[in-house]
Each structure stands twice: as structure tokens, then as C-alpha cells.
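Here is how names work: the chains are called A, B, and so on, in the same order as the sequence lines, proteins then strands, and each is numbered from 1. Heavy atoms only: backbone and side chains are in, while hydrogens, waters and symmetry mates are out. Since the structure is predicted, the reported quantities are computational estimates derived from the model, not experimental observations.
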Amino acid sequence: MSEIQNQSNQAVSSESGPLSAFDLFKRQDREVAKKAIAARLLRNGVKQEDPVDLSYVPKEGETLEPLTPESGNEALEVYRHSTAHLLAAAVLDLYPGTKLGIGPALLDDPKGGFYYDFQRPEGERFTPEDLPKIEKKMRDLIKRNLEYKRLEMPKAEAEKKFAELGEPLKCELIEEKAGATVSCYTIEGTPFVDFCLGPHIPSTSKIKAIKLLSIAGAHWKGDETRPQMQRIYGTSFFSQEELDDWIKQKEEAEKRDHRRIGPELDLFSFSDAIGPGLVLWHPNGALIRKVIEQFLNDELYRRGYSFVNTPHVTQSELFRISGHLENYQEGLYPPMTDKENEQIEYRMKPMNCPFHIQIYKSKQRSYRDLPQRYAEYGMVYRYERSGVTHGLMRARGFTQDDAHLFCTPEQLVGEVIACLDLVDFVMKAFGFEYKAELSVRHATDHSKYLGSDEVWTMAEAALTDGLNQYGLPYVRMEDEAAFYGPKIDFKVVDAIKRTWQLSTIQVDFNLPQRFGIEFISSDNKPHQPIMVHRAILGSFERFFGILIEHYAGAFPVWLAPVQAIVLPISDKYNEQAQKVEAELKAAGHRVASDQRSEKIGAKIRDAQLKKIPFMLIIGEREAEAGTVAVRDRVKGDQGAIPVAEFAARLSELNKTRALTT
RNA sequence: GCCGACUUAGCUCAGCUGGUAGAGCGUCUGAUUCGUAAUUAGAAGGUCAUCGGUUCAAAUCCGAUAGUCGGCUCCA
């Protein structure tokens, strides 16, 4: 990375005036200067958080590095933020009287891009037909190569200026956020002025590839009590190729959408007669779920878990004690009143933990009994607001693969390591890469956290030691812990590089205290056990949705509802097909046969669309030889092999949970 | 919950500014007996999401309800 010392700046500034970042870069390397869109600022060699404009004139002790398209997210953020300004300029030009909200860049996929919030005058609003017009105007502005100008002024002056411009929301922001000096940006030749920290690209022609995406409602500052504005989403890239790739990626994600694939492959559905967010698992989906459950069952037994079962409803009292009633009132289904005693109300359960605690509490526990590990695939019900349900990903009724560990402080590290190993084992089985995040308390401000310093220090140390001993790299997130304890979260990366938050390991100081659970230690005195909540898949519903998208519906053999389908060439070989089907079924495989009077091409096509891993074709040759011609859904025709050989192959794939054939 | 869009046969979708429904796929019945991604003929199938209104007349216009979809932390 080229680096320009301020000394050189001072050396020349006497003759030709002070030199800007751009001037300095140009001296160093014309090509780099041409590509630069902003500059990274180093003060006494220390990188400053916010980049600066190319017009920035460095001060004593400051060094600059160019920010180019190759600089990654830092540059992309500046670029997209500038595109958001361009959008606002185009909108103001086309729709005078529009008030500005905010317009930040977005980096996270799938929302990568930017948006700008607008308030149109009473009675006016954007419609989807406006987007092409606005986009066209943006392109016009790009062609005119207009300059992004930075203005600085005292706070009072800025407030006056925006008041004159009729931008009340901007005034509110200045009031709240601004220091003594306020910076603004304009785009030359447009009515656009924005209160903005910057930095921005030097001129509109730097913007190479844009696309406006959608219009949505958004409340000012995300606050529902504030007026609703119209938000325009868009995205921009340094090149058309990158934009095209992004569009392709989006289309790929749409093709994989579990809400499309689910009904297509007859995996699950929703029914208006039942209600939003309540899932019907069809035979194919339920079968996959059973296979996953069986896989987990075996593993959990092996790892010393006990299985428990608890009811779906409970007297509200349980959740009053746990604090959920107070804190999550909105998220609960409304209460049911007891028929015989109006004083008693029941609730659908939103969590399993208090039930497991009741099991723990059912008798006195000795330190010799610990750890207790209770696992349950517990169905819980949360009243998600009507606008937020999303297929299997966000449902109102879902099944947690929940477990609660009750242990002594000394046992915590060991339990953490065991959980890490379980997460690793399960994620690898499904072919997921993953990353870990350790969420701990704020370094100094502990006011919002419950529990003593002593116990927090112990728990954070146990999680950290566990991660280190297990050898798992992690990101430490300060101030991201839950109020009730520190945690480790896992993010998996799917087949098309999207990340999903799945597993979690959380230490809880709150519930043991609220429910007053204890164990008798070797000192013959009661102590409070450490409680750990842990989920691997999170919820079966959501995990299934993620799996469908991860595999695009083409499940590996061990999960596929139908692992192989027998396809007779014509009716003449139906009998042989039935024999082969029966033989494979007897060997424990999930096999079907297609005995319709269709041509083989049609049968193959249908099997292919159902994403069945193997097609076993039987014609005259195979019937005579007792073989099947194996067609792999990915690799195509594999030639004929004896039925027994195919059965052995299927067994092997199933046993090893192979992800490919 | 809020903003916007959408809801027509099992599925995907046509149906122009109101004149009372159409295709492809699928299903069913028959013919065909076929060698690696769609053989063929015929038939059945819809209170146009639901309820209400305007009109001589509503899938079409208006309103309400339900459901689905895109959003509603990202800051000057």
C-alpha cells in the first residue's frame, strides 16, 4: 500500500499551496490516484476509524493511504453511501418537496446495497413505476460528472440552513448528533444538501453500476411511534460484472427459497385453516426430520444426555417466576382461563427451560448427581407479530432441540468443551462451515447485567478456556452478552455463502436464582448450580428451512426421503422392478418405483425434478442379468451393476452420511 | 402491529379502459410398450381469497376482513 508522508506535502506546499489527498496520490502513482475514491487517514501511524475525502488536506503528523475498489468493505461503504446521496439528489430533482431522512450503506448480504428514507408531501408517494425514472435520472447525473462538495459550518448555522431548506428531520439529527462543527455534502448542480459525516467519492462519474431494488415502508429512526417514511432500496458496485454476479446470486437464492422448494417436494405446508406460522410437516419432510432426530438421539445418548418430555401448556405462574411474563408479554400467546377456577390461567409455552428446572427441582440434588443434562425436542409457541413470520425461518410454533445442563462451577469448562465438540460433530455432518462468537459483558459498565462479578468472571473464563482448550478460533464480542450471562454463538455458512445464526451455548445466572435451585455440595451446604442453555440446530423448523436452501432441495442420501427409484423401461419389466424395490427395501433403504406407462425419458425427468439421488433403470438386459443401470442425479448414467452391489453402495453412503455420491 | 404490493383450476400464470372465465403443467380415462430430462387423444376441474357496497351488469370499481410477499437495528 502506498503511503504518503506529510513531510513531502509540507515541502511543496510553499510553492503550490496545500496539497490534497488526491494531489499527493497523483504524485505517487497516477493510476492509483485515478482509482482512489477516498483516503484512509493515519495519525502518527495509527489508523483512524473514519476515512476522509480525496480533497482532504492532511495536517501535521497525518499520513494518507488511498482507498480504492480493491480496499474491500471500507471502500464499498463510502461508494454505496455516495450512491445513496446520488439517489437522494435524483429524487429531489424529480420530486420537489420531498423531505430527507437518512441514507446509509448496507454491507451485509443479502441486503447489500444502500437505502434512503424519504418523506413525500401529503398525498404523494413513490410507486414501483417511479424506480426506473429515478434510476434514469441517477444515470444522467453520473454522466454529467458532478462534484460531491463538502461544506463545514458552525452547528447553529447548519440548523438554520436546514430549517430554511425545509428539512425538519435533518434539523433533529443535527440537534442530536452534531458537534460544534457540522459537515454537509452537496452534489453540484442538484438541490441536494445532506448533513453527513462523509467521506464521499469526488464526483458522480466514479459510480459505475447501480440498480434500484424496491420501495418499502420504514419508520423514522425505526420507532413505531414516529411517522412512517418511504424507503428506497438500491445497490451499487464498482463494476457492472460485480452487479451482474450479485443479481445472479440473488436469483440463485430465490431458486433455493425453501418456501418454493418445500411445497414442490411435498415437504411441508401452511394452512390458512390452522393459522400463520404453524407448520404442517408432510410425510417427506417429517421423514427427514425423523432421520435428523434419530441422528441426534444416538449422539446425545452417547454423550451422557437424558431425554425429558414436558407439556405444551403451563399455568402462567411458571412464566411469572421466570420473568418471561413480564419481559416477553408481547411474544406470548394470549392466556387461557381454567374452567373451574378463574384465578388460574394457562399459557402455551414459549420456552422449555422452566420445565426442565422443575424436573431438576423435583428432588434434592447432590454434587454427586451433577452434571444433569436434560434434552428435549420441545415445541414452543411464540406470538410473532403478523408481519414478521417467514416460512419455516420464523414461525409461531417451532421445536427447539433444547438442552439444559446443570453443573457445578468446576464442571463448567468440561461441559463447554463437550458442547463445542457436539456442535462441531453435528455441523460437519450437514456440511456446514461455522464461526464462533464469544459474547461477554462490557469491559467496565456492568450495570445492565445480573449476577455477581465473581460468577461472571468465572463463567467468562470457563467459556474462554473451553474455546482455547478445544482449539476453536472465535471473535470476542464486548457488551454482547445476555443480561443473564455470557454465551457462545455459532454462525454457519451455507452452500451459497450466506451466514445463519444456529447453535448457541448460554450460561444463565438468572433462572437458577429466580427458581432457587440448588445442590448439596461436599461441604454439606446448598449451592446454586450453573445452568447452561444449549441448542445445536436451534429449531427443527428453521434448521430444516436452512437445510433445504443449503442443499437446494437435493438432500444427501442419508437424508433423502426417497434414496433411489426403480424405473422400468416399459410395463414388461414392472415385475422385475417390484422385485428390486422389495429387495432394497428389505435391506433397509428408502426406495420407490415408477411403474407408469411412460417413456423412460419422462420417468427420469420426473425423478430428477424430485431430486432423488439414484435412478435404477431396468430393461431387458438388466432383467436378464439381475442388475440395475444406475443413474446418479448429478453424474448421470453410471452403468449397470448387480442389485446387491448397489444395495451395499447405498448402505455405505448412508452409514458414512456422505454428502456427495 | 405499521407501510406497500399481491390473492383467478391442484401448480404457474393470461384475462385491454366493467358485458358474467382461458392456457400450459398436473389429475382422470383410453391408446402406446418405448433405453437415460417431457408419447399421444379425450375428459373432468373455478361462487375469480372472504364479506359488503356502487352499477342494468363486477374477476375487473370502492370498502372491510384474512392470508401471502417486500420492508420496518444499520445514521449525521
Side-chain angles (χ1 to χ4, degrees), chain A residues 50 77 80-81 84-85 100-108 110-111 113-117 125-128 155 158 162 167 169-179 181-185 194-198 213-233 254 257 259-260 263-264 266 269-277 330 383-391 567-574 595-610 615-622 629-633 636-640:
Chain A
D50 297 315
E77 188 165 3
R80 286 180 170 168
H81 188 191
H85 277 210
L100 299 175
I102 57 166
L106 304 167
L107 291 174
D108 300 342
K111 292 204 224 160
F114 59 85
Y115 66 78
Y116 214 109
D117 286 344
R125 83 156 65 100
F126 295 114
T127 67
K155 185 170 176 177
F162 280 99
E167 295 285 2
L169 301 174
K170 287 291 168 192
C171 290
E172 189 182 321
L173 284 180
I174 294 170
E175 187 60 40
E176 275 173 30
K177 308 246 179 187
T181 308
V182 167
S183 61
C184 296
Y185 280 81
D194 199 352
F195 166 52
C196 178
L197 202 56
L213 301 168
S214 62
I215 300 171
H219 292 278
W220 174 236
K221 292 183 181 168
D223 180 346
E224 290 181 17
T225 63
R226 303 297 299 266
Q228 186 133 23
M229 309 181 69
Q230 278 191 295
R231 173 173 298 181
I232 298 180
Y233 278 94
E254 267 166 43
D257 193 326
R259 292 168 302 180
R260 171 201 292 269
E264 258 172 26
D266 203 10
S269 68
F270 292 90
S271 160
D272 291 356
I274 291 167
E330 287 292 298
Y383 195 85
E384 297 289 355
R385 298 198 297 174
S386 58
V388 305
T389 58
H390 183 89
L567 307 180
I569 294 278
S570 79
D571 292 358
K572 282 191 249 170
Y573 313 107
N574 279 358
Q595 299 177 36
R596 295 173 305 165
S597 117
E598 282 291 350
K599 292 169 82 163
I600 194 67
K603 292 185 184 181
I604 286 171
R605 180 168 195 271
D606 289 344
Q608 199 78 45
L609 291 175
K610 285 184 192 154
M615 287 153 263
L616 308 176
I617 293 152
I618 296 180
E620 191 177 352
R621 297 195 291 270
E622 291 77 12
V630 178
R631 185 188 162 95
D632 184 298
R633 75 178 160 199
D637 192 355
Q638 302 287 289

Partner of A14(B) by Watson-Crick or G-U wobble geometry, both contacts under 3.5 Å, or none?
none
For atom CD of Glu330(A), decide whether the heavy atoms of other residues, nucleotides or ligands shown that lie under 6.0 angstrom number more than 12.
no
Does a distance-only test, which skips hydrogens and angles, find a donor-acceptor pair under 3.5 Å between the side chain of Glu384(A) and the base of G1(B)?
no
Interatomic distance where CZ belongs to Arg231(A) and P belongs to C75(B) [whole Å]
11 Å
In whole Å, measure the gap between the P atoms of C72(B) and U20(B) for me.
45 Å
Rounded P spacing from C51(B) to C69(B) in Å:
24 Å
Give me the distance, rounded to whole Å, that separates A9(B) from A59(B) when you measure between the C1' atoms they each carry.
14 Å
What are the two closest heavy atoms between Gly103(A) and His81(A), and how far apart are they?
O-CD2, 3.2 Å
Pairwise C1' distance, U65(B) and G24(B) [rounded to whole Å]
33 Å
Roughly how far apart, to the nearest Å, are G22(B) and G46(B) at atom C1'?
11 Å
Rounding to an integer number of Å, can you tell me how far Asp50(A) CG sits from C75(B) P?
11 Å
Can you tell me the pairing partner of U60(B) across any strand shown, Watson-Crick or G-U wobble, with both distances under 3.5 angstrom?
none
Under 4.0 angstrom, heavy atoms only, what part of the nucleic acid is Val388(A) near: base, sugar-phosphate, or nothing?
base
Interatomic distance, Lys610(A) NZ vs C25(B) P [rounded to whole Å]:
18 Å
Using both distances under 3.5 Å as the test, list the Watson-Crick or G-U wobble partner of C2(B), or none.
G71(B)
Mind checking if Gly387(A) touches a base, just sugar-phosphate, or nothing, with heavy atoms under 4.0 Å?
base
Would you classify Ile174(A) as touching base, sugar-phosphate or nothing, given that sugar-phosphate means primed atoms plus P, OP1 and OP2, and contacts are heavy atoms under 4.0 Å?
nothing
Hey, could you give me the CD1/CG distance between Ile102(A) and Leu169(A), rounded to the nearest 0.5 Å?
10.5 Å
Is the shortest side-chain N/O distance from Arg125(A) to OP1 or OP2 of G4(B) below 4.0 Å?
yes
Shortest side-chain distance from Ile569(A), nucleotide among C34(B), G70(B), U36(B):
C34(B)
Taking atom P in both U39(B) and U33(B), what distance in whole Å separates the two?
15 Å
G-U wobble or Watson-Crick pairing nucleotide for A31(B) (cut-off 3.5 Å, both distances)
U39(B)
Glu176(A) side chain to Leu173(A) main-chain N or O, any donor-acceptor pair under 3.5 Å?
no
Tell me which of Trp220(A) and Ile215(A) sits closer to the 5' end of RNA chain B, going by the nucleotide each one is nearest to.
Ile215(A)
How about Arg259(A): does its CZ atom have over 12 heavy atoms from other parts shown lying under 6.0 Å from it?
yes
Is the phosphate of C34(B), meaning OP1 or OP2, less than 4.0 Å from a side-chain N or O of Lys572(A)?
yes
Contact class for Lys170(A) vs. all strands (heavy atom < 4.0 Å): base, sugar-phosphate, or nothing?
sugar-phosphate
Look at the side chain of Glu167(A) and the backbone N and O of Leu100(A), then say whether any donor-acceptor pair between them is shorter than 3.5 Å.
yes
A43(B) and G52(B), which share atom name P, separated by this distance in whole Å
36 Å
Within the pair Tyr233(A) and C74(B), is there a side-chain N or O less than 4.0 Å away from OP1 or OP2?
no
Answer with base, sugar-phosphate or nothing: what part of the nucleic acid does Ala607(A) contact at a heavy-atom distance below 4.0 Å?
nothing
At under 4.0 Å between heavy atoms, what does Glu598(A) touch on the DNA or RNA strands: base, sugar-phosphate, or nothing?
base
For a quick check of understanding: with a heavy-atom distance under 4.0 Å over all strands, which category does His81(A) fall into, base, sugar-phosphate or nothing?
sugar-phosphate
Just how far, in rounded Å, is C1' of C72(B) from CD1 of Ile102(A)?
12 Å
Sugar-phosphate only, base, or nothing, as touched by Asp117(A) at under 4.0 Å among non-hydrogen atoms:
nothing
Mind checking who A66(B) pairs with, Watson-Crick or G-U wobble, both distances under 3.5 Å?
U7(B)
For Gly601(A) and Tyr383(A), find the nucleotide of RNA chain B closest to each by heavy atoms; which residue's nucleotide sits nearer the 5' end?
Tyr383(A)
Nucleotide U36(B), atom P - distance to CG of Leu609(A) in whole Å
18 Å
Atom-to-atom span, CZ of Arg259(A) to C1' of G67(B) - whole angstrom
14 Å
Could you tell me which nucleotide pairs with G46(B) by Watson-Crick or G-U wobble geometry, both distances under 3.5 Å, or answer none if nothing does?
none
Expressed in angstrom and rounded to an integer, what is the separation of Met229(A) atom CE from C3(B) atom P?
16 Å
Under 4.0 Å between a side-chain N/O of His219(A) and OP1 or OP2 of G71(B), yes or no?
no
Using the C1' atom in both, what is the distance from A21(B) to A64(B), to the nearest Å?
26 Å
At 4.0 Å (heavy atoms only), tell me whether Glu620(A) reaches a base, stays on the sugar-phosphate, or touches nothing.
base
Where do Met615(A) and Lys603(A) land on the side-chain contact (heavy atoms from CB on, under 4.5 Å) test, with the steps shown first?
CA-CA 9 Å; Met615(A) 287 153 263; Lys603(A) 292 185 184 181; over 6 Å; no
Please work out if Gln595(A) contacts a base, only the sugar-phosphate, or nothing of the nucleic acid, heavy-atom cut-off 4.0 Å.
nothing
Starting at atom CG of Asp571(A), determine the distance to atom C1' of G30(B), rounded to an integer number of angstrom.
14 Å
Counting Watson-Crick and G-U wobble pairs only, both distances under 3.5 Å, name the nucleotide matched with A21(B), or none.
none
So among Lys170(A), Arg226(A), Arg231(A), which one has a salt bridge (charged side-chain N to carboxylate O under 4.0 Å, His left out) with Asp117(A)?
Arg231(A)
